[in-house]
Asks: 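My structure is below; once you've seen it, I'll send some questions.
The structure displayed is predicted, hence computed values, not measured ones. Quick note on labels: first sequence line is chain A, next is B, and so on, each numbered from 1.
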Number of protein chains: 2
Amino acid sequence: MAGGATRAQIVAAADRLFYEQGFEHTSFTAIAEAVGLSRGNFYYHFKSKDEILAAVIGCRVEATRAMLRQWEDEAAGPAERIRRFIRIVETNGADIRDYGCPVGTLTAELAKLRHPSRPEATALFTLFRDWLRAQFTALGRARDADELALHVLAFSQGVAALANAFGDQDFVRREVERQEAWLAALDS
Amino acid sequence: MAGGATRAQIVAAADRLFYEQGFEHTSFTAIAEAVGLSRGNFYYHFKSKDEILAAVIGCRVEATRAMLRQWEDEAAGPAERIRRFIRIVETNGADIRDYGCPVGTLTAELAKLRHPSRPEATALFTLFRDWLRAQFTALGRARDADELALHVLAFSQGVAALANAFGDQDFVRREVERQEAWLAALDS
DNA sequence: GTCTATAAGCTGATAGAC
DNA sequence: GTCTATCAGCTTATAGAC
């Protein structure tokens, strides 16, 4: 297989499995089966499981950055951009119902494991936090922009947790509407 | 050791360790060390690890019921009772910062593990949901009591997730104030 | 009821052939 | 770069002595 194609395949499979089954519960055997490789060959690409995790987090950071850039390009103004974020729990509704928020569940697991890569996982939250803060600042709320950013982040985490627990998509829709109304009131 | 005292000690130690380290990550060895027993003796009290989990969840159900009863007794009216719930993320601030919400993190882990005891863990959420719904009904909001109950539950889950990720107690305090203001506006 | 000894299986990780 | 064979360690769980 040419270049880093196999490596990228491993990272993609691990990314999905870590999300669906959790980091610790996902074995090398499971990743190997998903990619179609033998267990032994893994260590040519990664020296340890923690190294795969680091690569997965790096991959998610890049994907998040790209998504935020896209929102930046496509959305008309800061309010519309924040709405994009608010709606993400509905956009990714099926996955969140089945597996929760990828950032929130990974961060929580690594915290309990006292895993060395925990700060890198938390940095995924910071990516959204900083981006949201910039949007609220552009909305003329520079003074409490960070507080508002955390509030919106907390909203998405709470909705994701309960959507995963109860599997109730109507609840998600109602909460998105409520949060959009809150944003509209803030913007006016 | 007399009666079910050892059993109760095992459940208490497992309860704490499942919370701090996660269910799967907690080994029999760790529980045995915490209680001061040998690994082998465990199977006199519990046939499997899953049986300990079931006992831990049962224990948490009882503790939650007792807490809700206490709030029922001590608080003046439904609004004050809901405030008690809202403040719990601040009351249990240190634990939540270190380990997240005990209900939310367990439910999320069991969902990823596709564990048979997952419904029992979700029932812990339902306990709070039903109790909150009763309080909102008593507040004269019978029509949307369940929606409001889920909204308050989502608030606590979101705050717990971010408190755990960022370790920011000021954020928790601000969100509690915001939610109390929301409740006051609802009540008037 | 508690202990020690041990089984059986899975885990991450390594060595060396091709 | 990929394979097979294998290691050492940990896991849950069992058997049987005291």
Asks: Answer with base, sugar-phosphate or nothing: what part of the nucleic acid does Ser38(B) contact at a heavy-atom distance below 4.0 Å?
Replies: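 Since a base atom lies under 4.0 Å of Ser38(B), the category is base.
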
Asks: Do Arg81(A) and Glu72(A) meet the salt-bridge criterion of a basic N to acidic O distance under 4.0 Å?
Replies: yes

Asks: Taking only side-chain N and O atoms of His45(A), does any of them lie within less than 4.0 angstrom of OP1 or OP2 on dT2(D)?
Replies: yes

Asks: Between Phe166(B) and Arg129(A), is there a cation-pi geometry (under 6.0 Å to ring centre, at most 45° from the normal)?
Replies: yes

Asks: Mapping Gly40(A) and Gly40(B) to their closest nucleotides on DNA chain C, which lands nearer the 5' end?
Replies: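 This one resolves to Gly40(B).
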
Asks: Side chain of Phe28(B) only, heavy atoms from C-beta on: which candidate in dA13(D), dA13(C), dC3(C) is closest?
Replies: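 Nearest to the side chain of Phe28(B) among the choices is dA13(D).
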
Asks: To the nearest Å, give me how far apart CZ (Phe42(B)) and P (dT14(D)) are.
Replies: 14 Å

Asks: Report the nucleotide, chosen from dC3(C), dT12(D), dG1(C), that has the shortest atom-to-atom distance to any side-chain atom of Ser27(B).
Replies: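 Among the listed nucleotides, the one closest to the side chain of Ser27(B) is dT12(D).
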
Asks: In this structure, how many angstroms lie between the C1' atom of dA13(C) and the CD1 atom of Ile52(A), rounded?
Replies: 12 Å

Asks: Shared ILVMFWY cluster between Leu186(B) and Phe155(A), side chains joined below 4.5 angstrom?
Replies: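 Hydrophobic grouping puts Leu186(B) with Phe155(A).
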
Asks: Any idea how Phe85(A) and Trp71(A) line up, ring-wise: parallel (<30°), tilted (30 to 60°), or perpendicular (>60°)?
Replies: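 The rings of Phe85(A) and Trp71(A) stand perpendicular, inter-plane angle above 60°.
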
Asks: Could you check how far CG of Asn41(B) sits from C1' of dC18(D), rounded to whole Å?
Replies: 13 Å

Asks: For the pair made of CD1 in Ile10(B) and P in dG1(C), what is the distance, rounded to whole Å?
Replies: 11 Å

Asks: Please determine, for the side chain of Thr29(B), which listed nucleotide (dT2(D), dT11(D), dT2(C)) has the closest atom?
Replies: dT11(D)

Asks: What's the OH-P distance between Tyr43(A) and dT11(C), to the nearest Å?
Replies: 11 Å

Asks: Rounded to whole angstroms, how far apart are CD1 on Ile31(B) and C1' on dA13(D)?
Replies: 14 Å

Asks: To the nearest Å, give me how far apart CZ (Arg39(B)) and P (dA7(C)) are.
Replies: 15 Å

Asks: In terms of the angle between their ring planes, are Phe42(B) and Phe28(B) parallel, tilted or perpendicular, with boundaries placed at 30° and 60°?
Replies: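 Because their plane-to-plane angle lies in the 30° to 60° range, the rings of Phe42(B) and Phe28(B) count as tilted.
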
Asks: Between atom NE2 in His115(A) and atom P in dG12(C), what is the gap in whole Å?
Replies: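 Between P of dG12(C) and NE2 of His115(A): 12 Å.
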
Asks: Check every atom of dA13(D), dT2(D), dG1(C) against the side chain of Thr6(A) and return the nucleotide holding the closest atom.
Replies: dT2(D)

Asks: What's the closest nucleotide to the Lys49(B) side chain, out of dT12(D), dT2(D), dT2(C)?
Replies: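 Nearest to the side-chain atoms of Lys49(B), counting from C-beta on, is dT12(D).
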
Asks: So does Tyr44(A) get a side-chain nitrogen or oxygen closer than 4.0 Å to the phosphate oxygens (OP1/OP2) of dT2(D)?
Replies: no

